[in-house]
Each structure stands twice: as structure tokens, then as C-alpha cells.
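First the proteins, then the strands, lettered A, B, ... as listed; each starts at 1. What you see is a predicted model, and the numbers here were worked out from it, not measured in a lab.
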Amino acid sequence: MTAGSPPSHLFATMLARVQTAAGAVLGSAADLARIVVEPPRDPAHGDMATNAAMVLAKDAGLKPRDLADKIAEALRADSLVEKIDIAGPGFINLTLKAHVWGDALRAVLEQGKQYGRGAIGAGAKINVEYVSANPTGPLHVGHGRGAVFGDALASLLAFAGYDVAREYYINDAGAQVDVLARSAFLRYREALGEAIGEIPEGLYPGDYLKECGEELAKDYGDSLAKMPEDEWLPIVRLRATDMMMAEIRNDLASLRIVPNVFFSERSLIEGELPDPFATEEAPVRPKDVVETTIAQMRELGHVYEGRLPPPKSGNLEDWEDREQTLFRSTAFGDDVDRPLLKSDGSYTYFATDIAYHKSKLDRGFLSLIDVWGADHGGYIKRMKAAVSALSGGKADLDVKLVQLVRLLRAGEPVKMSKRAGDYVTLREVVAEVGRSAVRFDMLYRKNDAVLDFDLAKVIEQSRENPVFYVQYGHARGHSIFRMAQAEMPALASEPAARLEALKMANVGLLTDEGELSIMRKLALYPRLIEAAAVAHEPHRVAFYLYELASEFHGQWSRGKDSPHLRFIIQNDPETTVARLALVQGIVTVLASGLALLGVDAPEEMR
RNA sequence: GCGCUCGUAGCUCAGCUGGAUAGAGCAUCGGACUUCGAAUCCGAGGGUCGGGAGUUCGAAUCUCUCCGAGCGCGCCA
């Protein structure tokens, strides 16, 4: 990192000190990596608790509580520690010196937007592939969830110190894009004035191809209509997929999602195509890297000619026992070996996907994340097997499955027309409820849980609606600033000057239990970022923000019954400034987390 | 039949990768607006963590086995 590594945060500091203490007691043989320092669920157990003694007791040949005594003794003189208790089966509970929470708050103000930025990524390259829908129609809400998840995960990883690529794999090589081309060709003939009647079974009936047909008619006149299919098809296909991708890019942009790389599947087979969507590099690839990939795997002994047992279920009518080109994925944990060539000699989707993932490895990524729809779960083992085979076990692939989205309106399922091609698009949903609501709602859930998306609830302005609740917390902070400015003009008129003033606050005046609790929460943010990034779980950020907002709203309301707890105290500027510093800390972290999620942090709610 | 993802309060969901007495919101009941924003807050009730067995100091979390839901199971992508 050129800007220097981020400052270590309180929990990382304490973990290191506990590890040092344990190491001093046990010697170098101890496995210190298993030690955890975490906030106890019960505040009565102090500020931090560590399991060090329980985890290491066996190796040490001591009872946990006896070991805890020794470790505690080594920590007794620590500059941050006020009090140490041994409790339960051998927890070491630490109560920290009073000033550490004020120090933590000051760190938030000092670091601003950088607060929480992590170093665990250490600049390592990581590749996040998401959406990757066929360019055969508009995105629907399920695609949107994958897109939002992948984008937020990428942002989270970047914040945690990784060098992140956001990638969209364009499935523009299969039979489905040929169907798209034929569908567009029909619209083209329609645009030329031909009566096309009903769209035949098997073609895409949606109206969205009409524009494509009209453009083709404008650019080519009737010349395409005179060609045989094998001549017009590539032309129409390219135009249609280009137009579809332009639409998809727009839809993604409306959610503030901008992949760095749009990677064309077809380019793996046919060589490099002009790629109008690449926003970054355009990797140069030789013609048919799928073939060379397969050849390389064959040399390594991972590919062979053989037969497969018949599938266990489904109809066996089409089943034909034949020798084919297979990837020995069973050697890497898969259930059966997987074919790479179809009976007509063309590549299976898996074959090109292997070549695609090899390209990621070739570009220096050892850490790969794929975000897929839940219906692709059966594909995970073979893809992991392929990555393992290609990298010699050096690269890691984590596949995040995104469950389906059930669209509701006020609790009732949204009626989807049976007619193919006519479904609720992502664009319609974003237009109706807005980007922030869509994004937060989709991230306020684990990726592998089914999501009920209620169009009525996500725009509701109440506690029931988490996005509103968190945004309101941020707005409430600014509302307090506005009020403070009105009542104490001397404080500061504009944000930058105010921030400087608040950095000087005497945060030692923040001694109320509610205030301390908020400061502890703020101190937890960097640790949360690390944990969420390691787990590849952006939803944790959303839940954290909700909890922080909740504590803030609570503290605010406490001031109603107890006026001395209000943020603004009329004739006590010193206390007021200290509390405004706390508000600044809250606002900073709320804004930081919301930014990671791609959700607006408004200064007032309207 | 096999594989994957799940099963936590009446409902919708968290649970910090094995920690202490399992937590929120909604719903229900009871409170708080002369107020820096009541768009909010405080309190109460509500649980065999699907069932059972195992691993160990300790299990909602890990293993096994049943039950139930969803998804998938050459030549679709």
C-alpha cells in the first residue's frame, strides 16, 4: 500500500498482546493462531474476553483456569488493561482503561473515511465474478441480487486491503445467443414490413428485440434477408448481443455497479473480438484458448477419452453411450468426470468456463470468487476441481450461491405473466423503489437464504424498513449538527472546520453508559470489516449498521427523560463538543458502511 | 437413488467460523411527544435452535443418522 498500512485497531492490538503474553507463558511451541479476542456478549464480563487459556490448556498440560492465571499475570502490566478477571471455564475477561474508548473515537475522527480500512488483504489480487447472465434479455431481480452482492463484496474486499477485480463473464457463445440472433432476425424482417405473426415456439418473444430489428433494417436494408443463415447469423448475433449488453450495462449502472472487465466467452473460442465494454484492460488472447487449455490439461493427465455411466435420473431416451473427451474431475473431489466436448464436436459450457478460469489464473489471481444463482449449485465441485487442476492446488475458488428472490407487494406475490419473456425486470424494480432500497434490502440477508423482496415495504419509512432506519440515523446525526450550529454559532459553520474543532474535543467527558456503548461499537468496526471480508459476507456490514443506528436512536431518546444526556447542552459547550464528536464518529462510520453497500447516506430525510 | 443449500420465537431473520444466561424486527400487550426530528424510544410475554446420537472443558455452530423444504443430476447456459 502506497499510503502506508492502516493503523492497527484496538482488537488487533489486544489480540497481539494476548498472543505475546501466552507465548511468554507457553514458549514458542504454542499454537497462538487459535486465540480469539472478542467483545463479550454480557457487558458485565468486561470490555474484551479471550479464550486463550481454554484453547491452549491441553498443549500446556494445565487446567484452563490455572493457565488463565499465568496469562493474566503476564498481561497485568499492560498499558491498556485496567482489570483482569478469570471467569467461567477459563475466560480471561479484560476491562480496559477508561481512556481507550475515547482514543478509539478520536481515531474515527482522525482517520475519517479511512477508518476501518483493513490490511488483511495485504494487496493480494482477488477476482470477483458476478452476474454473468446470458445477454439474451433484460436482467431480472434474481440477477440483481447477484450483482448487488458481488459488487458489495468487491467493495468490502477492497476496503479490507485486497486488490480487487470486478468481472462480468458474457455468455455469448452458446446456442442461446443463436436463438437470440434468430429472434432478432425475425424482428428485422418485421421491421422490413414483413408480417411475422406469432413468434414461433423456441424463440424469444419479448418486445425488447424490436429496436434491434429496426436498427438492422436501417443499417443493412434488405441485404441480410437475402443471405443464407450462416452468413447473416454472426452479424445479427453480434449486433443483438451488443445491444443486450448495452442494456445490461445500463441496468447495472442504475444500481451503481460498474465491472472492470467484461469478458466474452466467445472470445475464448474465436479469439479477440472488438470489446466495446471493456472499461479497463482488453486482454489479448490467441484464437481458441479452449483448445490449448484442454491440450495442457491432457498433458498433465487430467483429460482422457472414456465413457460415462448413464445419468441417474431424467429421461434416458437421448442417452447414448459413447466415448468422449472427459476431465478427470473425480481426482479433485467431483462425483463423476465431466465431458468437455459435445457430440457435435463443439465445446461444452464447462470447457469454455475452464478456459475462462484459467485466464483468471494467468492474469495473476490466486483467489477467485464466483457469484452464482442457487440453481448452479451442482456445478461447484467440477469448477473447483478445474481450478485446482489448473493451478496445481495453489489457487482458491470460493463460490457464493445467491438464493432466489421472491417478489412481493404488501405480502402478496407479484403476479408474473405466464407468457415467456414478460417478467418483472430489474430496471422496473429499481425505477419503482430506488437504488438504495434495492441494494440494502438485498444485502440485509445472507446470500444463501431465500429473499422476500416486498416492493411496498422497502419504501416504507419506519423502523420495519432497515434501510430507512439506518439512513435516518445518518440524517439524524446531521440534524444534530444543524441544530448545534443554530444554537452555538461559535462552534463552526462549515463541516471541515467543525471536524477540526471536534477532533479537539475532551472525549473524556463521555462517561454515560450509552455513550460508552456506542464508542465500543465504533471501535468494533475495523474488526467487523476484517471478519466480513474474510468470510465473504457483506451482509454483516448491513447488520452492524443497523445495530449502530439503533444504539444512536436509543441514546437520542434517552435525552428526553434525562435532559443532561442530550447531545446539545445549552450552557456547557465543552460537553456539547464532546458529544458532537461522538455524533461525528457515528456519522462517519454509518457513511463508511453505507458506501461499502452502495447505499446513499442522506443528510436529511424528506 | 446421489449431490448441494437450508431448517433458530406466531411471522421475517441475525448469531462475530466451538464460547459464558441463544438475540433483533414485525405481530401481541403496556408505557413515553410543551422536547436537539415520536420517521423515534422504553418495557413485558414468547424457544425441546427440525428429531436423535456422537466429538470435548463447552455445540445453534463440527461428525453421523433420520424427518422436512428448495435446487441440481452427459451432448442447457
Side-chain angles (χ1 to χ4, degrees), chain A residues 34 36 38-42 45 49 51 54-55 57-58 63-65 87-91 93 132-134 136 171 173-177 265 308-314 318-322 324 326 334-339 341-346 348-350 352-353 373-381 401 403-404 444-446 448-450 452 454 457 460-466 468-469 472 475-476 479-484 486-487 524 527-528 531-532 534-535 537 539-540 542-544 546-547 550 553-561 563 566-570 576 604-605:
Chain A
R34 293 170 63 205
V36 172
E38 61 187 351
R41 196 167 49 219
D42 186 346
H45 293 143
N51 61 355
M54 294 179 290
V55 169
K58 190 171 276 183
K63 283 188 219 162
R65 291 194 64 117
F91 284 102
N93 292 333
S132 301
N134 298 325
T136 53
N171 299 143
Q176 294 192 21
V177 286
E265 177 187 0
L308 284 179
K312 290 292 181 201
S313 98
D318 298 340
W319 166 254
E320 171 202 356
D321 188 24
R322 68 178 178 89
Q324 52 190 334
L326 298 167
D334 200 1
D335 304 319
V336 291
D337 292 338
R338 304 291 178 178
L341 296 180
K342 303 178 193 171
S343 55
D344 67 358
S346 64
T348 60
Y349 180 80
F350 182 46
T352 48
D353 214 3
D375 55 339
H376 290 64
Y379 196 77
I380 294 178
K381 281 187 182 177
L401 292 184
Q403 265 291 354
L404 60 103
Y444 195 66
R445 189 126 320 179
K446 261 186 315 199
D448 50 12
V450 177
D452 287 338
D454 195 312
K457 275 187 183 165
E460 209 171 273
Q461 302 205 336
S462 75
R463 173 158 199 163
E464 198 176 343
N465 180 8
F468 171 79
Y469 187 75
Y472 179 37
R476 173 166 262 175
S479 164
I480 293 172
F481 290 146
R482 287 191 291 272
M483 189 58 63
E487 299 197 13
L524 215 48
R527 183 179 184 272
L528 171 100
V534 168
E537 290 183 347
H539 76 273
R540 295 193 197 187
F543 280 92
Y544 169 88
Y546 185 88
E547 290 164 12
S550 176
H553 288 309
Q555 187 64 13
W556 161 278
S557 296
R558 232 158 271 139
K560 285 186 296 191
D561 288 335
R566 293 183 186 183
F567 289 97
I568 298 173
I569 305 293
Q570 288 300 337
T576 300
E604 55 185 319
M605 309 300 288

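- Between Trp556(A) and A38(B) there is a side-chain polar atom (N or O) within less than 4.0 angstrom of OP1 or OP2.
- Here His45(A) lies in heavy-atom contact (under 4.0 Å) with a base.
- We find that the ring of Phe91(A) and the base of A20(B) stack, their centres lying under 5.5 angstrom apart and their planes tilted less than 30°.
- Within the structure, a side-chain polar atom (N or O) of His539(A) is placed less than 4.0 Å from OP1 or OP2 of G15(B).
- Note on Ile568(A): a base of the nucleic acid sits closer than 4.0 angstrom, heavy atoms only.
- Heavy atoms of Arg527(A) sit under 4.0 angstrom from at least one base atom.
- The base of C41(B) has none of its N or O atoms less than 3.5 Å from a complementary donor or acceptor on the side chain of Arg558(A).
- Phosphate contact (OP1/OP2 of C13(B), side-chain N/O of Arg445(A), threshold under 4.0 Å): present.
- Listed pair Tyr544(A) / A24(B) fails the phosphate criterion, with no side-chain N or O lying under 4.0 Å from OP1 or OP2.
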Item checked: nucleotides 25-33 of chain B: protein proximity per nucleotide (B base, S sugar-phosphate only, - neither; heavy atom, under 4.0 Å) -> SS-----B-
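- Applying the 4.0 Å criterion to OP1 and OP2 of C2(B), one finds that Lys381(A) has every side-chain N and O outside that range.
- Closest approach to the Ala531(A) side chain among A77(B), C16(B), C57(B) is made by C16(B) (side chain taken as heavy atoms from C-beta onward).
- Judged by atom type and distance alone, Asn51(A) does not reach the base of A20(B) through any side-chain donor-acceptor pair under 3.5 Å.
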Checklist line | 5'-to-3' dot-bracket of RNA chain B (Watson-Crick, G-U; under 3.5 angstrom; crossing pairs as [ ]; | other strand) | finding: (((((((..((((.....[...)))).(((((.......))))).....(((((..]....))))))))))))....
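- One finds no side-chain N or O of Lys446(A) lying less than 4.0 angstrom from the OP1 or OP2 phosphate oxygen of C6(B).
- Nearest-nucleotide assignment on RNA chain B puts the 5′-proximal partner with Ala449(A), out of Glu487(A) and Ala449(A).
- The interatomic distance linking Gln403(A) (CD) with A69(B) (P) rounds to 16 Å, in whole Å.
- Residue Arg566(A) places a side-chain atom within donor-acceptor reach of the base of U35(B), judged by atom type and a 3.5 Å distance cut-off alone.
- When the C1' atom is compared between C4(B) and G46(B), the two are found 35 Å apart, to the nearest whole Å.
- Rounded to whole angstrom, the span from the CD atom of Glu38(A) across to the P atom of G18(B) amounts to 11 Å.
- Picking from U21(B), C75(B), C41(B) the nucleotide with the shortest atom distance to the side chain of Lys342(A) gives C75(B).
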